[in-house]
Amino acid sequence: MSTVNPDEVAKDQLVAFVERIERLEEEKKGIADDIKEVYAEAKGNGFDVKVLRKVISVRKQDASERAEQEAILDLYLSALGMATD
């Protein structure tokens, strides 16, 4: 009957976790590169990339969060005499 060394099991698990994380990091880098290419393509077609990034950010928010941020922005702009009525 053989016994399993607990340290060896932990080592194997650790190696497996590290290798999975490394693979996912590589995939993440590839996806980030793909996103950069899409932004470059949009820019090449005349779109403002800074505004496009803002649109992506706004679309991630739910309606109430977006409304709250817009209200705060309006308040701040009004306080600075920059209201866009």
Side-chain angles (χ1 to χ4, degrees):
M1 184 168 175
S2 67
T3 60
V4 177
N5 180 350
D7 293 333
E8 193 64 32
V9 171
K11 177 185 172 188
D12 291 345
Q13 285 180 328
L14 178 60
V15 168
F17 285 132
V18 168
E19 288 174 349
R20 283 174 54 199
I21 292 167
E22 289 172 340
R23 279 192 307 276
L24 290 169
E25 288 289 342
E26 188 59 35
E27 289 177 26
K28 182 170 77 172
K29 182 188 177 306
I31 290 170
D33 290 343
D34 291 347
I35 291 170
K36 286 179 190 177
E37 287 179 23
V38 173
Y39 278 116
E41 184 179 343
K43 183 177 182 177
N45 282 292
F47 291 96
D48 184 312
V49 172
K50 186 175 180 180
V51 174
L52 189 55
R53 288 183 188 278
K54 182 65 177 171
V55 168
I56 299 299
S57 174
V58 168
R59 284 175 53 102
K60 289 179 184 178
Q61 299 172 341
D62 66 26
S64 63
E65 181 183 6
R66 186 169 51 248
E68 180 181 348
Q69 284 191 1
E70 288 172 358
I72 293 169
L73 177 61
D74 288 343
L75 176 67
Y76 288 4
L77 291 175
S78 179
L80 295 170
M82 302 172 64
T84 58
D85 304 319

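As the structure is a computational prediction, the values presented were derived from the model and not from experiment.
- If you chain together ILVMFWY residues whose side-chain heavy atoms come under 4.5 Å of each other, Val18 ends up grouped with Leu14.
- Here Leu52 sits in one hydrophobic cluster together with Ile31, Ile35, Tyr39, Val49, Ile56; the rule is ILVMFWY side chains under 4.5 Å apart, joined directly or through other members.
- Screening residues 35-63 for salt bridge (charged side-chain N to carboxylate O under 4.0 Å, His left out), with sequence neighbours left out, gives no hits.
- With sequence neighbours left out, the side-chain contact (heavy atoms from CB on, under 4.5 Å) criterion links Gln69 to Gln61, Glu65.
- Side-chain contacts under 4.5 Å among hydrophobic residues (ILVMFWY), followed directly or transitively, place Met82 together with Leu73, Leu77, Leu80.
- Sorted by first and then second residue, the salt bridge (charged side-chain N to carboxylate O under 4.0 Å, His left out) pairs involving residues 18-29 (not counting sequence neighbours) are Glu25-Lys28, Lys29-Asp33.
- Taking Ile, Leu, Val, Met, Phe, Trp and Tyr as hydrophobic and joining them when side-chain heavy atoms fall under 4.5 Å apart, one finds Val51 in a cluster with Val55.
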